[in-house]
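Remarks on the structure that follows.
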Amino acid sequence: MASTCDICGKVPEFGNSVSHSHLKTKRRWNPNIQRVRTVVNGTPKKVNACVTCIKSNRVTKRKF
């Protein structure tokens, strides 16, 4: 599963880990992606959404 938010399009960011001796190695920061059951156009569907979108109510959760 690609760590991409289906709502806002958030993707991993890349940068360097810098040690005490200032050696640099590549690293990546992944967004917190959750698989959420939602209602899209009246039909229930599973969507990959970041926690920021879930908390800000950009995703309408499916009622059971």
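What you see is a predicted model; the values in this text were computed from it and never measured.
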Any side-chain heavy-atom pair from I33 and C5 closer than 4.5 angstrom?
yes
Set of residues satisfying side-chain contact (heavy atoms from CB on, under 4.5 Å) with respect to N30, sequence neighbours excluded:
S3, P12, R28
List, one per line, each side-chain donor-acceptor pair under 3.5 Å for residues 49-56, sequence neighbours excluded.
residue, atom, partner, partner atom, Å
T52, OG1, K10, NZ, 3.4
S56, OG, T52, O, 2.9
S56, OG, C53, O, 3.3
S56, OG, R58, NE, 3.2

Min side-chain heavy-atom separation V59-V47 under 4.5 Å
no
Using the test side-chain contact (heavy atoms from CB on, under 4.5 Å), find all partners of H20 that sit at least two apart in sequence or belong to another chain.
none
Quick one: pull up CD in Q34 and NZ in K46 and give me the separation to the nearest 0.5 Å.
13.0 Å
Can you give me the closest heavy-atom contact between W29 and F14, atom names plus distance?
CZ3-C, 3.9 Å
With side chain to side chain contact (heavy atoms under 4.5 Å, CB included) as the criterion, how do R27 and N16 come out once you've worked through the C-alpha distance, each side chain's angles and the decisive distance to 0.1 Å?
CA-CA 5 Å; R27 66 157 294 181; N16 290 320; 5.8 Å; no
